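Accompanying notes for the structure given below.
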Amino acid sequence: MIELMERTDRAHYEADLKRVQALESPAWMKDIREAGAARFAEMDFPHYKQEAWRLTNVGPVVKTPFRSVVGEPSGHVTPDDVAAHLYDAPEWTQLVFVDGFLSRELSRMGDSTQAVRVGGIGEAVAKGDEILEEHLAKSAEYTNAFVALNTAFLQDGAYIHVSEGAAPSAPIHLLFISTGVDTIASYPRNLIILGKSAEAEIVESYVGLNNTAGYLNNVVTEIVMEDNATLRRYKVVREGSAGHHLATTKVMQGRDTNFHSFSISLTGQIVRNELDVVLGGEGANALLSGLYLNDGDRLIDNALRVTHASPKCYSRMAYKGVLDGTSRSVFTGKVLVPQGSQQTDSNQLNNNLLLSDKATLDTKPQLEIFADDVKCTHGATIGGFPRELIFYFQSRGMTEAMAHAILTFGFASEIVDKINIDPLRERLSKYVFDKYRPK
Amino acid sequence: MAMLEISNLHVSVDGHEILKGVNLIVDAGEVHAIMGPNGSGKSTLALALAGHGAYEVTEGSVTFLGHDDFLDMPPEERARLGLFLAFQYPVEIPGISNAYFLQSALNEMRKSHGMEELDAFEFQDLLAEKMELVKVDPSFADRNVNEGFSGGEKKRNEILQMAVMEPRLAILDETDSGLDIDALRIVAEGINRLRGKDRAFVLVTHYQRMLNYVKPDFVHVLYQGKFAKSGGPELALELEDKGYDWLKESVPA
């Protein structure tokens, strides 16, 4: 019986896989998709019996017969639809993807030079690109069936290559628009490569235009950082209210690299951000910050894993959550320190603000340490505002509701204020302020 | 009519009666000092007047600026009427700048009085002027409220808030405690600059030292939940001289 249901769950994917496999592509690309499809055929969908998904019920996603986007976007998007989600910054390069496909018409392309290449994976595959071929689908592991699906449906996404010593003068913005015209599944696939001593700032925005359709945005991002490279990556999830976002990011860091990650989860029905960082060279640093604003009956899951594969590496996780309604939030901070990774320095913090006694949180540090000269700490908090704090506001003429709003804003601002791209910080700050101000 | 009239005030905390019949009349322009040993009920009086929920008024009445329903008002309404409490232990507010906090507070107050709200620029000018008046560093504006402030800085920040809020009645709860002499002098100067014929002060203090810098018109000594003695500034000196043990002998059990 279970066997039979499993087949029903997959039938729609299998039909669409035949369509994607029929697309004209170079042989190496077809091989990647087929490898993904083969892995998908072997894997079960995540379910609660697997430790990594014990608290994350993706049943609604597994049960929906999505129509996978093949060949072209599902819906039409106009410049007016995207204007509000772009940044008014002429010097930025801003790529717009619709249901995972690059739209050159909607994008504001900067000068793609030999030193800094910014474009779509689809066009690069068609034209031929050795570096792309060398790295695409090489680092992301098949941690779950959704990664396998993304690979099996791999067609387009962002491709950024910053060559050795180069640094774009302005941030690169990748805007992923989900049209969500019906229950579609789209599969953006991103590859970001930073050469030795290269630097970049990248903003990834995931925006849904439709608040009623339960679409799925299944995203995989692979990031490769060669020695001494610095990357600041800002990911903002603003999917439609009924849309789902399941994303896996794999980061391979070389020696003396600096990776700063900000993950901001605002809207979407089920949101899972898997972030898997491998510190693969001595002196690599990973600073992973996050903010999730959960409410209603939504689910937000941040699953982080940092592997200290080399000695003398440094990692920090600092995630904050605001929990309202009957929402469910999950935070997992896994740190692996293999034997030999001496002088590892790792710390994780997960602080949560509870605005409703019906919201739930599961926060879980997982430390697996096999070296003996390490410093690994972790901490988590959950709570509301102390009575004395509220009274302080009241004694200055402000109501309890206003105190809550300002304090919630302040709680979230501690993450937002660290964002050093002004237009992004200001937009997020305004979003947080408007969300919690007394109505 | 008096600005503040307290009659036979009884206040309990967790079912324990702390204030047992306090009477006090404060007129505009006056400075009253309330002294007393630890545990006599000084802070209870201050917090009960500000409307802290843990302090339950079981008997008596308080009229402020003619409002005889004062005790029925929530704390924010009392503040908007013009009551200000400088806290003994000001709380830290992470993520919120002093400037933003004070702008929000002042605008709530202005709205309740039918006045236009100040925008960020207008408020910036006002804040700069007040910081100059009470001699606090301009960096206070952008620092988060009391976060990482030293004890002295927190007390000075309370004085800055008072300068911005321009209350009719300011109750200062042990604002002098824990300050070194330089900090005390700065705080006292701030208070003196804010004195005026329309404004009254109640200084709650454990030590006479502050009264060398801020001259009170009246001194009251709180002991076991009641005023044991009231008098002029000389009473503070007498207390300093004889110590609080002197009260035990002079007050009938």
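In the text below, chain A, chain B and the rest are named by the order of the sequence lines, each starting its count at 1. All values reported here derive from a predicted model rather than from experimental measurement.
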Study note, to complete from the structure: Between the OG1 atom in A:Thr408 and the CD1 atom in B:Ile96, the distance rounded to the nearest 0.5 Å is 9.0 Å
**Study point:** Heavy-atom contact with chain A under 4.5 Å, split by part of B:Pro74
**Key:** neither
**Study point:** Pair B:Phe101 + A:Tyr392: ring centers closer than 6.0 Å
**Key:** yes
Review point. B:Met165 versus chain A, heavy atoms under 4.5 Å apart: side chain, backbone, both or neither?
Key: side chain
Review point. Any chance CD of B:Glu116 has more than 12 other-residue heavy atoms, nucleotides or ligands included, within less than 6.0 Å?
Key: no
**Study point:** Derivation and outcome, side chain to side chain contact (heavy atoms under 4.5 Å, CB included), residues A:Phe391 and B:Leu47
**Key:** CA-CA 10 Å; A:Phe391 178 64; B:Leu47 288 160; 3.8 Å; yes
Point to revise | Part of residues 129-140 of chain B lying next to chain A, heavy-atom separation under 4.5 Å | key: none
Check your understanding: Does CG in A:Asp422 sit with more than 12 non-hydrogen atoms of other residues, nucleotides or ligands closer than 6.0 Å?
Key -> yes
Check your understanding: Rounded to the nearest 0.5 Å, how far does OG of A:Ser395 lie from CZ of B:Phe87?
Key -> 3.5 Å
Practice item. Nearest 0.5 Å please: distance from the OG1 atom of A:Thr399 over to the CD atom of B:Glu108. Key: 6.5 Å
Exercise for review: Evaluate whether atom CG of B:Asp125 has more than 12 neighbouring non-hydrogen atoms of other residues, nucleotides or ligands under 6.0 angstrom away.
Suggested key: yes
Point to revise | Atom pair CZ (A:Arg396) and CG (B:Leu106), whose distance is rounded to the nearest 0.5 Å | key: 12.5 Å
**Study point:** Derivation of the side chain to side chain contact (heavy atoms under 4.5 Å, CB included) call for B:Ser104 and A:Phe393
**Key:** CA-CA 10 Å; B:Ser104 306; A:Phe393 278 79; over 6 Å; no
Point to revise | Minimum heavy-atom distance between A:Ser413 and B:Gly95, given as atom pair plus value | key: CB-O, 4.0 Å
Exercise for review: Give, as side chain, backbone, both or neither, the part of B:Glu77 having an atom under 4.5 angstrom from any heavy atom of chain A.
Suggested key: neither
Point to revise | CG-CE distance between B:Asn107 and A:Met398, expressed to the nearest 0.5 angstrom | key: 10.0 Å
Review point. If you take all heavy atoms of B:Ala79 and A:Gly397, which pair is closest and at what distance?
Key: CB-N, 3.4 Å
Exercise for review: Decide whether B:His52 and A:Gln394 meet the rule of one side-chain donor and one side-chain acceptor closer than 3.5 Å.
Suggested key: no
Check your understanding: Most heavy-atom pairs under 4.5 angstrom with chain B, which of A:Leu389, A:Leu407, A:Asp417?
Key -> A:Leu389
